[in-house]
Amino acid sequence: QVQLVESGGGLVQAGGSLRLSCAASGRTFSSYAMGWFRQAPGKEREFVAAISSRGGSTYYAPSVKGRFTISRDNAKNPVYLQMNSLKPEDTAVYYCAAGRVSGDPGDYDYWGQGTQVTVSS
């Protein structure tokens with residue numbers, strides 16, 4: 001069993017930065033790939049970024065590539081999403097998830113409760 005808790009969301013102006021954290025509990029955390037997804041009001045949940053279980057491979061949605069960076073520290077458990085050059089269209093609830101490295105939400109077994117990110121123009 002893995003439990004995930006996100007933090008670090010908030011309100012930021014366009015062009016600004018935020019770093020999201022995802023704290024994970026459970027001894028098998030390091031065996032899971034981790035992903036970040038987001039969901040804006042009235043829209044489907046969409047893939048943002050993913051990282052393999054050991055952190056050797058990362059994947060990004062085209063809309064965030066070059067602006068966002070996913071990383072993990074298996075010794076301390078958190079997974080991070082560094083978000084730079086934020087745009088109003090990045091506004092959404094951001095979720096971290098544990099599962100198989102993929103852009104499909106259905107491939108993830110565990111989800112956090114989400115953290116709101118709001119980017120003002």
Side-chain angles (χ1 to χ4, degrees):
Q1 187 78 8
V2 176
Q3 293 183 326
L4 306 173
V5 179
E6 303 94 336
S7 62
L11 174 64
V12 64
Q13 288 188 333
S17 299
L18 281 175
R19 188 176 80 157
L20 304 184
S21 298
C22 176
S25 63
R27 291 180 295 176
T28 60
F29 163 76
S30 61
S31 66
Y32 288 93
M34 298 296 295
W36 284 96
F37 290 78
R38 65 187 182 187
Q39 188 166 18
K43 295 187 177 181
E44 293 186 353
R45 190 167 297 189
E46 67 171 354
F47 170 73
V48 175
I51 188 166
S52 58
S53 59
R54 295 187 178 184
S57 298
T58 56
Y59 308 86
Y60 297 94
S63 60
V64 307
K65 194 169 186 179
R67 300 188 298 123
F68 291 10
T69 303
I70 188 171
S71 61
R72 69 188 297 167
D73 182 344
N74 283 342
K76 298 181 180 179
N77 277 347
V79 177
Y80 303 104
L81 185 68
Q82 177 67 43
M83 306 187 295
N84 298 329
S85 302
L86 283 161
K87 304 175 181 179
E89 51 263 44
D90 294 318
T91 296
V93 177
Y94 283 70
Y95 299 89
C96 71
R100 185 166 61 91
V101 66
S102 169
D104 184 347
D107 288 328
Y108 291 82
D109 302 310
Y110 303 100
W111 292 83
Q113 83 290 349
T115 186
Q116 176 70 47
V117 171
T118 303
V119 184
S120 63
S121 57

Side chains of Arg72 and Arg54 in contact at under 4.5 Å (non-hydrogen atoms): no

pair Ser63-Arg38: side-chain heavy atoms closer than 4.5 Å: yes

Over all atoms of both residues, closest heavy-atom pair of [X] and [Y]:
| X | Y | result |
| --- | --- | --- |
| Ala14 | Ser121 | CB-CA, 4.3 Å |
| Gly9 | Val117 | CA-CG2, 4.1 Å |
| Asp90 | Ser85 | OD2-O, 4.5 Å |

Does one hydrophobic cluster hold both [X] and [Y], with members joined at side-chain heavy-atom distances below 4.5 Å?
| X | Y | value |
| --- | --- | --- |
| Met83 | Val12 | yes |
| Ile70 | Phe47 | no |
| Tyr59 | Tyr80 | no |
| Trp36 | Tyr108 | no |
| Val79 | Tyr110 | yes |

From Leu20, Leu18, Thr115, residue fulfilling side chain to side chain contact (heavy atoms under 4.5 Å, CB included) relative to Leu81: Leu20

Any chance you could measure [X], atom [atom1], to [Y], atom [atom2], to the nearest 0.5 Å?
| X | Y | atom1 | atom2 | value |
| --- | --- | --- | --- | --- |
| Gln39 | Glu46 | CD | CD | 9.5 Å |
| Ser120 | Leu86 | OG | CG | 10.0 Å |
| Met34 | Ser71 | CE | OG | 11.5 Å |
| Arg67 | Lys87 | CZ | NZ | 4.5 Å |
| Tyr95 | Leu4 | OH | CG | 13.0 Å |

Stepwise side chain to side chain contact (heavy atoms under 4.5 Å, CB included) check, Ser53 with Ser31: CA-CA 5 Å; Ser53 59; Ser31 66; 5.6 Å; no

Counting distance only, does the side-chain N/O of [X] pair as donor-acceptor with the main-chain N or O of [Y] below 3.5 Å?
| X | Y | answer |
| --- | --- | --- |
| Ser52 | Ser57 | yes |
| Thr91 | Val119 | yes |
| Glu6 | Gly114 | yes |

Residue pair Val101, Tyr32: steps toward the side chain to side chain contact (heavy atoms under 4.5 Å, CB included) verdict: CA-CA 8 Å; Val101 66; Tyr32 288 93; over 6 Å; no

Ring geometry between Trp111 and Phe37 (parallel below 30°, tilted from 30 to 60°, perpendicular above 60°): tilted

Parallel, tilted or perpendicular: ring planes of Tyr94 versus Phe68, cut at 30 and 60 degrees: tilted

Residues that Arg19 engages under side-chain hydrogen bond (donor to acceptor under 3.5 Å, both in side chains), provided they are two or more places apart: none

Carboxylate-amine/guanidinium proximity below 4.0 Å for Arg100 and Asp109: no

